[in-house]
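Every chain is numbered from 1 and lettered A, B, ... according to where its sequence line falls, protein lines coming before strand lines. Just the heavy atoms: all of them, side chains too, but no hydrogens, waters or symmetry mates, feed the values below. Just so we're clear, the structure is a prediction, and the values are computed from it rather than from any experiment.
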There are 2 protein chains.
Amino acid sequence: MFTKGNLFKNCWKGAAIIARSTIGKIRGTYDQLSRTEKKVAQLALDNPAVVSEMTIKELASATGVSTATISRFVKRMDYSNYREFTMALAHTAAEMTPQQNSFPELAEGDSLATIANKTFRFSINSLRATNEALNEDDLARAVIKIINAKTVAFFGLGGSAVAALDGYHKFLRTPLNVTYHPDYDIQLMQAARMTAQDCAIVISHSGRNHETLEIVRELKRNGVAIIVITSYSGSELAQAAAVTFLSLTDEVKYRSEGMYSLISQMTILDSLFMMTVLRSSSRTKPVLTRVRDVIEQTRYDS
Amino acid sequence: MFTKGNLFKNCWKGAAIIARSTIGKIRGTYDQLSRTEKKVAQLALDNPAVVSEMTIKELASATGVSTATISRFVKRMDYSNYREFTMALAHTAAEMTPQQNSFPELAEGDSLATIANKTFRFSINSLRATNEALNEDDLARAVIKIINAKTVAFFGLGGSAVAALDGYHKFLRTPLNVTYHPDYDIQLMQAARMTAQDCAIVISHSGRNHETLEIVRELKRNGVAIIVITSYSGSELAQAAAVTFLSLTDEVKYRSEGMYSLISQMTILDSLFMMTVLRSSSRTKPVLTRVRDVIEQTRYDS
DNA sequence: TTGAAATGTGAAACTTCTTTTCATATAATA
DNA sequence: TATTATATGAAAAGAAGTTTCACATTTCAA
């Protein structure tokens with residue numbers, strides 16, 4: 001029967017062996033080995049990754065010795081069986097392979113999987129950078145403004161419309177009054193209707209889009225609390241804001257339109273949403289549940 | 001210029017180099033597995049390092065299933081035998097640093113900065129998991145369908161409307177004919193107008209939204225190539241697709257509506273976009289530049 | 001419901017892989 | 001040269017892993 005105790009015992013046994021690299025162990029024992037065993041050792045040293053995938057038979061015929069000799073060889077190396085030996089060999093082989101170097105540009109020759117991997121890596125890096133740039137103080141001021149607002153309106157045009165829509169969607173799950181419309185003219189009218197009791201969340205990658213600035217000026221005239229999410233702290237947009245959050249990203253060839261910043265912006269919005277929920281949870285939770293129920297109804301089961 | 005031959009050549013090269021991670025593979029197949037197989041998958045996900053050292057019998061008694069089932073399980077995961085599976089598992093287990101798999105819950109007592117940090121962590125983990133579940137083969141098939149389509153239409157309702165809008169926005173930068181409308185009825189009409197020469201990209205977190213399924217059925221009737229982005233590989237939606245991409249995320253308290261999956265979905269779209277651009281770059285680049293110029297005009301300085 | 005058909009499952013037969021035994025060869029020593 | 005220690009491979013024995021087969025369960029159409 002197999003028990004947890006057993007499980008952990010095996011685990012430790014393995015750990016003890018891994019402590020010293022397999023290859024080091026072979027090197028260290030090398031001259032104590034017999035002539036045939038040296039052939040095995042040599043192949044394992046030269047090609048650890050390949051050998052680690054071989055069965056004992058394959059290794060036997062590859063080295064021209066019997067399986068018996070190999071079995072004895074691994075025992076002499078202090079492994080309890082051949083399987084343990086190949087696992088350990090694979091392990092050290094993996095550690096030795098050159099580490100993935102830091103991330104270069106996307107290139108036309110890249111395989112599809114490479115393109116995908118790089119895209120994900122870039123996104124992850126953007127999130128990390130954005131996360132590091134956040135500070136408690138800004139977050140606190142933003143959450144207070146959001147929670148106390150009579151209405152929270154989202155503004156975003158072009159690429160940032162996606163983020164604004166996302167923010168609107170998320171905050172629909174709270175009891176707050178939220179507003180968003182994709183059309184510029186309507187956004188501008190909405191801005192004109194707002195007051196000092198309201199809160200505006202404005203998203204713009206560059207911070208220098210004409211129309212977005214027009215909206216911000218209108219908001220400012222009305223004394224609305226403005227929270228800005230942008231990639232450039234120096235822009236007029238950032239200057240006008242009560243609180244500015246920066247979405248940071250390494251700009252890349254083909255990508256000057258801030259595609260990576262989008263997910264950073266959305267994750268900032270997500271953070272704001274989570275804070276709002278957790279800071280006003282007793283008031284919000286019932287609404288959250290109700291929204292969830294509505295969504296469930298559009299599904300054909302459960 | 002890109003050709004099919006070219007695509008496949010690169011495709012194979014990539015496939016050989018970047019194997020999909022074992023854990024990603026298990027996660028991606030998880031809900032297609034049977035009840036007993038899930039037990040095996042669960043233990044492998046929870047304890048990859050320990051499982052990788054077990055014999056098939058040990059794993060069988062640890063999970064309470066037969067060795068036969070496990071043998072079939074690893075074949076289903078595309079490994080040629082159990083040994084290959086444990087080797088691969090050991091390999092990916094070694095690559096994962098301990099900090100990467102911790103998914104802390106959000107708690108009401110958390111400071112604002114902590115909430116933000118956790119939110120970003122969750123997002124990063126979702127991206128990582130999603131990335132691991134991608135495979136070259138699916139990517140290649142999707143890109144071919146997109147590049148050769150007369151029209152590429154995006155479909156997404158509710159929360160997924162954000163992702164669909166984002167995809168539409170991105171692909172506007174390519175010379176492809178793209179289409180998206182937020183309204184369900186119009187999406188349905190659009191689906192009815194499409195043919196076997198077209199390609200549909202359908203996004204749905206749960207894969208079981210009534211309306212989305214209605215659209216997919218209409219698309220299917222017309223023989224449209226369907227690319228699905230969803231979080232559940234077992235859904236009817238996923239079954240109907242020519243290619244399915246999974247956005248993976250650990251579900252969390254307060255978050256059952258797949259908010260984290262959104263950025264994963266968007267990054268999948270982003271990857272598809274980048275592939276499309278790079279695989280057809282000489283044709284696309286002029287258009288990309290033209291779009292950029294249009295955006296520049298809406299700014300007050302360059 | 002009910003009865004195919006499809007799918008999932010474990011026991012056991014079977015295959016393949018690994019270890020041990022044993023007979024023999026080789027080298028070292030007195 | 002005889003004796004002893006050591007090394008080696010063939011083959012038997014033993015483990016590990018895979019496949020088959022019969023039975024159980026689920027699905028789905030009537």
Side-chain angles (χ1 to χ4, degrees), chain A residues 1-2 6-7 9-10 13-14 17 22 26 29-44 50-90 300-302, chain B residues 22 26 29-44 50-90 208 213 217 233-236 238-240:
Chain A
M1 196 58 202
F2 191 84
N6 220 328
L7 196 71
K9 205 175 64 196
N10 280 323
K13 201 172 58 185
I17 285 157
T22 313
I26 297 174
T29 337
Y30 193 81
D31 350 275
Q32 291 164 38
L33 298 175
S34 69
R35 191 174 39 78
T36 40
E37 283 178 329
K38 272 183 183 148
K39 283 195 273 183
V40 180
Q42 198 59 58
L43 194 65
V50 177
V51 170
S52 75
E53 312 233 298
M54 289 178 165
T55 67
I56 200 168
K57 271 189 191 170
E58 287 168 339
L59 182 54
S61 65
T63 51
V65 305
S66 70
T67 60
T69 299
I70 292 170
S71 182
R72 279 189 293 259
F73 166 77
V74 302
K75 296 247 157 69
R76 200 192 286 224
M77 292 288 143
D78 258 351
Y79 295 99
S80 61
N81 56 41
Y82 181 74
R83 191 164 179 268
E84 199 172 81
F85 167 75
T86 52
M87 296 285 291
L89 197 59
Y300 64 80
D301 66 9
S302 92
Chain B
T22 312
I26 297 174
T29 334
Y30 192 82
D31 41 44
Q32 286 169 32
L33 298 175
S34 66
R35 194 174 36 76
T36 39
E37 283 178 326
K38 272 184 185 150
K39 283 194 275 185
V40 181
Q42 196 60 57
L43 194 65
V50 177
V51 170
S52 75
E53 313 233 298
M54 289 176 166
T55 66
I56 200 170
K57 277 188 190 166
E58 286 170 337
L59 182 54
S61 65
T63 51
V65 306
S66 71
T67 59
T69 299
I70 291 170
S71 182
R72 281 188 293 259
F73 167 77
V74 303
K75 296 242 154 69
R76 192 164 335 188
M77 293 289 143
D78 260 352
Y79 295 98
S80 59
N81 54 41
Y82 181 74
R83 193 160 176 270
E84 197 174 86
F85 167 75
T86 52
M87 296 283 292
L89 196 60
R208 16 177 262 231
L213 285 170
R217 287 186 202 111
S233 59
S235 63
E236 180 187 337
Q239 301 305 317

Here the gap from A:F85 atom CZ to A:I70 atom CD1, rounded to the nearest 0.5 Å, amounts to 9.0 Å
Will you find, in the side chains of A:T55 and B:R83, an N or O donor that is under 3.5 Å from an N or O acceptor? no
Have a look at A:R72 and say if it touches a base, only the backbone sugar-phosphate, or nothing, with a 4.0 Å heavy-atom cut-off. base
Hey, where on DNA chain C does chain A first and last touch, going 5' to 3'? Cut-off is any atom under 4.0 Å from a heavy atom. C:dC17 to C:dT21
For A:E37 and A:R72, run salt bridge (Lys or Arg N to Asp or Glu O under 4.0 Å): C-alpha distance rounded to whole Å, both residues' side-chain angles, the deciding distance at 0.1 Å, then the answer. CA-CA 9 Å; A:E37 283 178 329; A:R72 279 189 293 259; 5.9 Å; no
For B:T36, report the nucleic acid contact type (base, sugar-phosphate, nothing); a contact means any heavy atom under 4.0 Å. sugar-phosphate
Looking at every strand, decide which applies to A:S34 at a 4.0 Å heavy-atom threshold: base, sugar-phosphate, or nothing. sugar-phosphate
Boundaries of the chain B footprint along DNA chain D (any atom under 4.0 Å from a heavy atom): D:dG17 to D:dT20
Output for pair (A:K57 NZ, A:T67 OG1), nearest 0.5 Å, gives 8.0 Å
Distance from A:M87 atom CE to B:T86 atom OG1, nearest 0.5 Å? 5.0 Å
Under 3.5 Å donor-acceptor, A:Q42 side chain and A:K38 backbone: no
OG1 (A:T69) and NZ (A:K39) are apart, to the nearest 0.5 Å, by 9.5 Å
Residues in side chain to side chain contact (heavy atoms under 4.5 Å, CB included) contact with B:A41, at least two apart in sequence or another chain: B:I26, B:Y30, B:L33, B:F73
